[in-house]
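Written out below as structure tokens is the structure these notes cover.
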Amino acid sequence: SKKFNILLLNGPELKYVGRKRAETLWFAFSYLPLKNVAKLAAQHDVNLACFQANSEERLIDKIIKVFESGFYLINPAAYTHTSIALRDALLAVSIPFVEIHLSNVHKREPFRHHSYFSDVAEGVICGLGAKGYEFALQFALDFLNKKHKISQNLQIFAEIYRKVHDFAVILPTQKTGFKMTALWKSILKVRLAIHYYF
Ligand code: DQA
């Protein structure tokens, strides 16, 4: 099975994403080669699920249902500037996410300059067109790999803590070389973990 689950969410009118240029979208680069994003996911150890909806309700239902996802990539489209409900849903599940916009919203009308998501997102990408989705996925991969490494290293630290503890307990009664070996092995592992991590 794949190591990570990532969910890509697109808000209203982004349904033509991955197909042809959408007439309903005003921006020039409305066509999104989702294929590239899917390819990138396939190259890595990732399950990428994609979902598009025009209604807040369906987006919220998706956000709160997919608990098993480790990361969300979301373009909330026009809801970016209006939806406290979507923001609350993301906060409720507290799954880290990147906010994506095809266009540079700061170049556009003043009402697009405010986002209900930016202050709670890991990061925001806007104005880079379809490429933004690929960059966001790359970031998500780094983020999840780092998190995975941290939890692995924490397990190693916990193991050495237990070993040191056992050793301290055993030391007064036994002087076996075996326990020493186990202890040194653990120390070596921790040193390796530190070396790779920092
Ligand atoms: C958008 C920017 C929003 O302001 C707009 O309402 C959209 C698309 C973008 O990707 O550039 O629908 O999120």
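First listed ligand is number 1; within each ligand, the first listed atom is number 1.
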Between the side chains of N75 and Y133, is a donor N or O closer than 3.5 angstrom to an acceptor N or O? yes

Is it the side chain (CB and beyond), the backbone, both or neither of N75 that lies under 4.0 Å from ligand 1, heavy atoms counted? side chain

Give me the ring orientation class for F143 and F139: parallel if the planes are under 30° apart, tilted from 30 to 60°, perpendicular past 60°. tilted

Compute the shortest N/O to N/O distance between A78 and ligand 1 and return yes if it is under 3.5 Å, no if not. yes

Hey, which atoms in ligand 1 end up nearer than 4.0 Å to a heavy atom of V105? 2 (C), 4 (O)

Would you please say whether a donor-acceptor pair under 3.5 Å links the side chains of T80 and E99? no

For ligand 1, find out whether one of its N or O atoms is nearer than 3.5 Å to an N or O atom of R112. yes

Against heavy atoms of R108, which atoms of ligand 1 measure under 4.0 Å? 2 (C)

Proximity to ligand 1 by part of H101, non-hydrogen separation under 4.0 Å: both

Measuring from T82:OG1 to E56:CD, what's the distance to the nearest 0.5 Å? 5.5 Å

Determine, considering heavy atoms only, which of G11, A77, S103 sits nearest to atom 12 (O) of ligand 1. A77

The criterion is side chain to side chain contact (heavy atoms under 4.5 Å, CB included); which residues satisfy it with I156, sequence neighbours excluded? N153, K189, V190, A193

What atoms in ligand 1 come closer than 4.0 Å to a heavy atom of H81? 3 (C), 4 (O)

Output yes when R162 and E159 qualify as a salt bridge under the 4.0 Å nitrogen-oxygen rule, no when they do not. no

